[in-house]
Amino acid sequence: MSISRRQAMQIGGIGIIGAFGLAVPLGSVEAKSASRLAFGNMPKPYQRYLTVPKVLVPSKTTVDADGHNRHHYRIQQKLSSANIVPGLSTPILGYNGTFPGPTIKVNQGDRITLMMDNVLPLLHPQWGYRLDTSTHLHGSASLPQFDGYANDLTGLGYCKDYEYPNFQPARTLWYHDHAVHNTAQSVYSGLAGHYHLHDEVERSLLPQGKFDVPLTVSDAMFAADGSLGYDDNTHSGLWGDVILVNGAPWPVMKVQRRIYRFRVLNASISRSYRFSLSTGDPVTMVATDGGLMPSAQQVTSWRHSSAERYEILIDFSKYPAGKRVELRNASNKNNIDYDYTGRVMAFDVTDEPVDTSGPAAKVMPKLLTSSTTMSLKTSESVKTRRMRVKRDGDVWTIGGMTWDEVVESGYRKVLADPDLNDVEIWEIENSSGGWFHPVHIHLVDFQILSRNGQAPFNYERGPKDVVYVGEGETVRLLMKFEHHRGRYMIHCHNLPHEDHDMMAQFSVGMDENDPDPNDPIEASRPHPITPVVAEEPAPVNTELADGNDSSDSPEPTDTATPTQSATPTPTATAEAPAAQTEVLSITTARHRLRKDLAIAGTSRVGGAVPSGSASVTIYDVSFGRAKTKLGTVMINSLGNWSLTAKPGPTYQITAVTVESSRGGTATSQVRTD
């Protein structure tokens, strides 16, 4: 099916699916472009060099009482801009003002404290929702209060101190925003970065340093002024027409004639890829989400969904100097593809002297390492749970549950309740007529047992935390609920699906009424940002930095590296942003015309539930309409408030503002599905 550029750019930017009024899967759609850029501003493939994000240096290193090193880091979430499209600037949200954010590298057993400051605008400058954040270190067995729970929100002027244990085997993790109902737009705007956990086994087997290259693959569409366009096609997904790798459109990397390791992260909020090399040669798959596979696998292509990480080795010694090898994308069902989405990046083989230092420079490894996850046996399972992923009317569900139900239950409702160290089989079925769903289970790594009764793909034969559940597929997963007790999330990582409302939770080793010392919202509250104190940075650990820095990359003629905004980085004398007296948030905002209205949220002061009575007044602030009061409701003793009405107003509400008698305010777009 081919759609013209004009059809793809209907008035109002409603996109390809929206232009035809469809809210059902299309199978496969091809079009010229989704962006509204002038011809001269549209990026072209292979015009820029790949840049590699800086490695973040800790501000200091201390030693815990039990002898473990603890590295202390600080990151600012802030508004910035990037040079992505020729001649124009693109506003982004960035960790330290860049997309991707800086890479964090740590050795197994070393702990991290990460101070995550929110100095973003109160409201998203383009889309108007409130920029509260929650940071998820995806792939880490963190305690619940440090896991980036969707409603564990950090508001403007506040800092959340995250603690990461790093006791798991070596792996590629990534950190990204996880704020309730706004994850898709915030990640799409730039809040994502790599995090690499090393151990002795991985260091002895795989390339290191500048031959160990992070690749963050994403897609985007652009407005005429260079800003990001956003169209999630009635919450089905967003598919951009520009493919970015480390923030640059279709970049080129110069490579020596030796083996390189690439950590490929799909950070697209919806698009899946089917990667392959233009030469038809196989790559060697050595690691999945949870680290090294038992043995290396040769694959000529692989299906790669949002949030999955695959580590591949490519041997460039077989190619002559001057050869260009492209990483291509054959796509999958229910993506929307454009003129150049079949290309991803290119590698130009050089004649420079070959550095053969380090492991796997010339010889591909075969046997890798075993892991607890891949050693599990089905006979160890004490329970099999079955759940469907599907669209129920106007919302996405997982196991018949939505996140709104979790919130309405006071965060007690769970999809599953395994005991600590239980082994279970989870069967996830996608038989609802379309769409693929990358399902992410927090806390655990799992083994894929089967797809539709058949063996998993050979590239999936390693520990995973995201599983691609394709159209008409049923997958069986085997996992052990180890490490921690507490509540954790399971959700679709097509982020518009997650936001609307394909997310639930499970609890490990807890009864419903048990006291929870690791409550994901209350156990470690954000605090007002303190001024940055100038101190000597910790000595750079060369084993961690090991040359993986943008200075090792060739300088592009027109760099795509995001540039820092005019917002200054705090110095020793800078004052922190003023903390809000009250953090008022909107957790639910929905108006289904002629059906119901539901507006709900929370009130916090200094991270705690304030005492005393207070009220919230809700106003309709839809575009083109005078501000109109919808009602006033009381804040209850738990700090929650809600306004509901059936059938609700007879005119469509698309945006609301709430004002608390304590002085807090919040604004949100309203879901109209």
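For the numbers below, each heavy atom of this structure counts, side chains included, while hydrogens, waters and symmetry mates do not. Positions are given from 1, in the same order as the sequence printed here.
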May I ask you to check whether [X] and [Y] show a side-chain donor-acceptor distance below 3.5 Å?
{"X": "Asn494", "Y": "Ser270", "value": "yes"}
{"X": "Ser381", "Y": "Glu424", "value": "no"}
{"X": "His484", "Y": "Asn518", "value": "no"}
{"X": "Asp355", "Y": "Ser357", "value": "yes"}
{"X": "Ser268", "Y": "Tyr273", "value": "yes"}
{"X": "Tyr468", "Y": "Glu460", "value": "no"}
{"X": "His72", "Y": "Thr62", "value": "yes"}
{"X": "Thr103", "Y": "His196", "value": "no"}
{"X": "Ser272", "Y": "Asn335", "value": "yes"}
{"X": "Arg70", "Y": "Thr113", "value": "yes"}
{"X": "Asn69", "Y": "Thr61", "value": "no"}

Look at the aromatic rings of [X] and [Y] and report parallel, tilted or perpendicular, splitting at 30° and 60°.
{"X": "Phe347", "Y": "Phe316", "result": "tilted"}
{"X": "His178", "Y": "His491", "result": "perpendicular"}
{"X": "His138", "Y": "His493", "result": "tilted"}
{"X": "Phe167", "Y": "His483", "result": "tilted"}
{"X": "His440", "Y": "His136", "result": "tilted"}

Could you please spell out the steps behind the side-chain hydrogen bond (donor to acceptor under 3.5 Å, both in side chains) verdict for Asp315 and Ser317?
-> CA-CA 6 Å; Asp315 185 0; Ser317 67; 2.6 Å; yes
Centroid-centroid distance, Tyr95 to Trp174, less than 6.0 Å |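 No; Trp174 has its ring centre 6.0 Å or more from that of Tyr95.
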Contact check, side chains of Pro144 and Arg487, non-hydrogen atoms, under 4.5 Å =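 The answer is no; the side chains never approach within 4.5 Å.
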Kindly indicate whether a cation-pi arrangement holds for Arg258 with Phe211, taking the cut-offs as under 6.0 Å to the six-membered ring centre and within 45° of the axis.
->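 Relative to the ring axis of Phe211, which defines the angle, Arg258 lies inside both limits.
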Could you list the residues that satisfy salt bridge (charged side-chain N to carboxylate O under 4.0 Å, His left out) with Glu202, not counting sequence neighbours?
->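 Salt bridge (charged side-chain N to carboxylate O under 4.0 Å, His left out) list for Glu202, sorted by chain: Arg261, Arg263.
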Determine, for Arg111 against Asp64, whether the closest basic-nitrogen to carboxylate-oxygen distance falls under 4.0 angstrom.
->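 A salt bridge links Arg111 with Asp64.
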Taking NZ, NE, NH1 and NH2 as the nitrogens, is one of them in Asp348 or Lys254 under 4.0 Å from a carboxylate oxygen of the other?
->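 Looking at Asp348 and Lys254, the cut-off is not met.
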Can you tell me if [X] uses its side chain to pair, donor with acceptor, with the backbone of [Y] under 3.5 Å?
{"X": "Arg271", "Y": "Gly240", "value": "yes"}
{"X": "Asn430", "Y": "Phe436", "value": "no"}
{"X": "Arg257", "Y": "Tyr319", "value": "yes"}

Please report the closest heavy-atom contact between Gly470 and Arg451, naming both atoms and the distance.
->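 That would be N-NH1, 4.4 Å.
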Least distance between heavy atoms, Asp219 atom then Leu238 atom |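 Looks like OD2-O, 4.0 Å.
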Yes or no on side chain to side chain contact (heavy atoms under 4.5 Å, CB included) for Tyr175 and Tyr164, after CA distance, side-chain angles and deciding distance?
-> CA-CA 11 Å; Tyr175 60 102; Tyr164 300 132; 5.7 Å; no
With sequence neighbours left out, write down each residue that passes side chain to side chain contact (heavy atoms under 4.5 Å, CB included) with Arg386, or none if nothing qualifies.
->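 If we apply the side chain to side chain contact (heavy atoms under 4.5 Å, CB included) test to Arg386, skipping adjacent residues, the hits are Thr384, Glu427.
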Would the number of heavy atoms belonging to other residues, nucleotides or ligands and lying under 6.0 Å from NZ of Lys377 be above 12?
->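 Count not over threshold, so no.
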Could you go through the salt bridge (Lys or Arg N to Asp or Glu O under 4.0 Å) check for Glu473 and Lys333 one step at a time?
-> CA-CA 13 Å; Glu473 290 185 343; Lys333 186 179 180 182; over 6 Å; no
Enter the distance from Arg309:CZ to Lys464:NZ here, rounded to the nearest 0.5 Å.
->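 Here the rounded value is 7.5 Å.
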Qualifying residue, where the test is side-chain contact (heavy atoms from CB on, under 4.5 Å) with Tyr73 and the options are Ile112, Val106, Val57 =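 Among Ile112, Val106, Val57, the one that satisfies the side-chain contact (heavy atoms from CB on, under 4.5 Å) with Tyr73 is Ile112.
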Which residues pass the side chain to side chain donor-acceptor pair (under 3.5 Å) test with Arg274, sequence neighbours left out?
->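 Once residues adjacent in sequence are excluded, the partners of Arg274 under the side chain to side chain donor-acceptor pair (under 3.5 Å) criterion are Asn332.
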Tell me, please, which residues at least two apart from His437 pass side chain to side chain donor-acceptor pair (under 3.5 Å).
->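 If we apply the side chain to side chain donor-acceptor pair (under 3.5 Å) test to His437, skipping adjacent residues, the hits are His497.
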State which residues pass ring pair (Phe, Tyr, Trp, His ring centres under 6.0 Å) with Phe446; sequence neighbours excluded, sorted by chain then number.
->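 Testing Phe446 for ring pair (Phe, Tyr, Trp, His ring centres under 6.0 Å), a comparison that skips the adjacent residues, returns none.
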Sequence neighbours excluded, which residues qualify as ring pair (Phe, Tyr, Trp, His ring centres under 6.0 Å) partners of Tyr46?
->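 None.
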